[in-house]
*Asks:* 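Sharing a structure below in structure tokens format, with a few things to ask.
Residue numbers begin at 1 in each chain, while the letters A, B, ... track the order of the sequences.
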There are 2 protein chains.
Amino acid sequence: MTSVKDVARRAGVSVATVSRVLNDSPTVTPATRERVLAAVAELGYRRNAVARSLRTDATRTIGLVIGDILNPFFTELARAVEDEARTLGYSIVIGNADERPDRQDHYVRTLLEQRVDGLLLCPTAEITPLVRGTVRDGLPLVFLDRTLPGLQVPTVRADGAGAIAALVRHLRDLGHERIASISGPALLSTGRERTEAFTAAMRACGLPVRDRYLEAGDFRAGSGQAGAARLLDLPEPPDVIFVGDGLMALGALDEIRARGLRIPHDVALACYDDLPWFTHLDPPVTAIAQPVQELGRRAVRALAERIEDRPVASVVLTARLVVRRSCGEKEGSGPA
Amino acid sequence: MTSVKDVARRAGVSVATVSRVLNDSPTVTPATRERVLAAVAELGYRRNAVARSLRTDATRTIGLVIGDILNPFFTELARAVEDEARTLGYSIVIGNADERPDRQDHYVRTLLEQRVDGLLLCPTAEITPLVRGTVRDGLPLVFLDRTLPGLQVPTVRADGAGAIAALVRHLRDLGHERIASISGPALLSTGRERTEAFTAAMRACGLPVRDRYLEAGDFRAGSGQAGAARLLDLPEPPDVIFVGDGLMALGALDEIRARGLRIPHDVALACYDDLPWFTHLDPPVTAIAQPVQELGRRAVRALAERIEDRPVASVVLTARLVVRRSCGEKEGSGPA
DNA sequence: TTGTACGCGTTATCAG
DNA sequence: CTGATAACGCGTACAA
């Protein structure tokens, strides 16, 4: 690989001058700048970011550790993150935790060694010693989507409580009473919050909350299927299943279809997270949509601020209910 | 940040010894190793991969430039790549080209500066000067999914010609004659190959190939919708639309639904690439499934070989047809 | 078995 | 405005 030395020799200047040109320092004659640039072009020189980082103590790189790259929510999130990062001049090193704390820690460790300038983390579990240490050491860190209580770390997430309340009212208005949910794991803030919002909304609507209607999954397809199976095996199966994310919805759909059940006649379905293909199902799936793009962008911007040592606050956006037909339709709203 | 020096001081040894312990050199006394490890733990020392890379001229990092992170095909591919890379001890720096050659080049440039050990590229266009230069400079490079003719670069891809031929025969057996396709851009090998395989299969089946039934999209949802619209606006619209990838299928579905058309009665649909939710549509979508996981794994392994300077050959896996019901059903195969 | 010292490619400081 | 040179943190050849 050609280095500044080669360029310097070719241009007949010192390495210092080459460096100055490369970092467009103002203190350099147009003529020499010209010569250096010519040498750079002729040699096809490409600056070595590794050496540069060693010297400047910055990599212009941020780590992104997501829960599950197969989850459409995280995919869309990653896309937004990547987009905003590019705009700000950062590269993304990605880690897919696969919802496993050990994998999450593996990536955090690797990213720390790589000396990323900052870290965007969607925690997959309660606080691990490594994460606690990372916070203590002061590495710029922002939690995304999920948060960890008791840690002074800015979080960018969406609040779905309002949308969940609206959903429950919608279900009640449709005459449903036996409403079940398959939520995420209680270890995750998103799992907990959605369950709490759900039970609170049920009570607010005067609907009964039964323990056996509260299933906990792990945000992956298999657990959605298993949860739906347990629910449908109940002596008194629910009218409605509210699934905690898109992947589990896929699993629940598999189970419902395998049993030959019809939606919403035999069992209604609603999903936290909206997916592009939900509109193509028959009936289209009622869902709660998060402002995913915005979440990703805001997180990157927050992290960039932290990297530049400016204080940043957490941001909470709001999710919204998208009513479609998978929970039934209001009387009188059908064809006359 | 604590460095080897700090560890050395703390352990009462030289930096060389610390380094030896860290790279578990055999020539070190258990006792001193113990002391060093203790110092490492006490100080919370984490080795600096940047400095290490500068010295060893290797980053244990590979670049992955994909066509479009929103495309489920690439998402699944990325997941497999990431998985295999972790197994082999590599980190992934990801770039989302968004199907734009300029973005592709942006990432290639960045990754070269970062000194990735190798590059996995899904080319978004014909050969760019940058890509040509990269090949010439000898950076370990493997093309994934798509290839670029005229370049000596190993490619890992799936051949869909057989599956496409099987699909066309399936369509013919079902009595379809006016078969249209919305393929990828002719600039991409995958676009070209799928179109060629399709027209060849049509001829082999004695079916007419009409130019106006040959639409070209760009592998994104919008172009699938636009292509479907043009096809359905034809004075003699096709019986079947064969869509070149999952994202365009989503767009085509949008258009079909917007027009209130029914599948397969009004127009049949088949898709290159299989998606998890295809089974939940009514009717389920007939698709061509690529061995995506295997593609990703093989690509990483090939790249790892190249990085270690071993010669590697291209690998061609085969896609397979998954018949479902979106193109109609064989007579007599329905309920008696 | 361990320590000393150099160099990887850059940037930044300090003279000139 | 430009050049010489130290330093970033690490791995390794060489010496002890």
*Asks:* Looking only at atom types and distance, does a side-chain atom of B:R157 sit under 3.5 Å from a main-chain N or O of B:V316, one as donor and one as acceptor?
*Replies:*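 No: the side chain of B:R157 does not pair with the backbone of B:V316.
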*Asks:* Look at the side chain of A:S14 and decide which nucleotide, out of C:dT2, D:dA4, C:dG3, has an atom nearest to it.
*Replies:*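 Ranking C:dT2, D:dA4, C:dG3 by closest atom to the A:S14 side chain puts D:dA4 first.
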*Asks:* Rounded to the nearest angstrom, tell me the gap between atom CG in A:L112 and atom P in D:dG9.
*Replies:*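 Going from A:L112 (CG) to D:dG9 (P), I get 16 Å.
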*Asks:* In this structure, how many angstroms lie between the P atom of D:dT12 and the CG atom of B:L54, rounded?
*Replies:*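 About 13 Å, once rounded to whole Å.
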*Asks:* Could you state the NZ-P distance from B:K5 to C:dG3, rounded to the nearest angstrom?
*Replies:*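 Whole-Å distance recorded here is 16 Å.
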*Asks:* For B:N48 and A:T29, find the nucleotide of DNA chain D closest to each by heavy atoms; which residue's nucleotide sits nearer the 5' end?
*Replies:*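 Comparing both residues, the 5'-ward one is A:T29.
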*Asks:* For the residue pair A:I62 and A:V93, establish whether any side-chain heavy-atom pair is separated by less than 4.5 Å.
*Replies:*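 SC-SC contact between A:I62 and A:V93 ruled out.
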*Asks:* Considering only side-chain heavy atoms of A:T32, which listed nucleotide, D:dC10, D:dT2, C:dA12, is closest?
*Replies:*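 Within the option list, the nearest is D:dT2.
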*Asks:* Could you please name the option among C:dG9, D:dT5, C:dT11 that lies closest to any side-chain atom of A:R52?
*Replies:*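 In terms of side-chain proximity for A:R52, the closest of C:dG9, D:dT5, C:dT11 is C:dT11.
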*Asks:* Does A:R55 contact C:dA12 through a side-chain donor or acceptor facing the base, at a distance under 3.5 Å?
*Replies:*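 Looking at the base of C:dA12, it does not pair with any donor or acceptor on the side chain of A:R55 (distance under 3.5 Å).
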*Asks:* Quiz question: going by heavy-atom distance under 3.5 Å, is there a donor-acceptor pair between the base of C:dG3 and the side chain of B:R20?
*Replies:*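 Side chain to base: pair present.
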*Asks:* Any idea which of D:dG9, C:dT11, C:dT10 is nearest the A:Y45 side chain?
*Replies:*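 Ranking D:dG9, C:dT11, C:dT10 by closest atom to the A:Y45 side chain puts C:dT10 first.
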*Asks:* What is the distance, rounded to the nearest whole Å, between atom CG of A:L43 and atom C1' of C:dG9?
*Replies:*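 Atom CG in A:L43 sits about 15 Å away from atom C1' in C:dG9.
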*Asks:* Hey, is the side chain of B:T17 poking within less than 4.0 Å of OP1 or OP2 on C:dG3, counting only N and O atoms?
*Replies:*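 Affirmative; the distance criterion is met.
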*Asks:* If the test is side-chain contact (heavy atoms from CB on, under 4.5 Å), which one of B:V18, B:V40, B:V4, B:N23 qualifies with B:R47?
*Replies:*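 For B:R47, the side-chain contact (heavy atoms from CB on, under 4.5 Å) check succeeds only for B:N23.
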*Asks:* Side chain of B:S3, heavy atoms from C-beta onward: which of D:dG3, C:dT10, D:dC10 has the nearest atom to it?
*Replies:*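 Looking only at heavy atoms from C-beta outward on B:S3, the closest nucleotide is D:dC10.
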*Asks:* Between atom CG in A:D57 and atom C1' in D:dA6, what is the gap in whole Å?
*Replies:*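 These atoms are roughly 17 Å apart.
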*Asks:* Does C:dC8 have OP1 or OP2 under 4.0 Å away from a side-chain N or O of B:R115?
*Replies:*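 For C:dC8, OP1/OP2 do not have a side-chain N/O of B:R115 under 4.0 Å.
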*Asks:* Report yes if a side-chain nitrogen or oxygen of A:S53 is closer than 4.0 Å to either non-bridging phosphate oxygen (OP1 or OP2) of C:dT10; otherwise report no.
*Replies:*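 For A:S53, the contact criterion (side-chain N or O under 4.0 Å from OP1 or OP2 of C:dT10) is not met.
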*Asks:* What integer distance in Å separates B:R60:CZ from D:dG11:P?
*Replies:*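 Nearest whole value for this atom pair: 14 Å.
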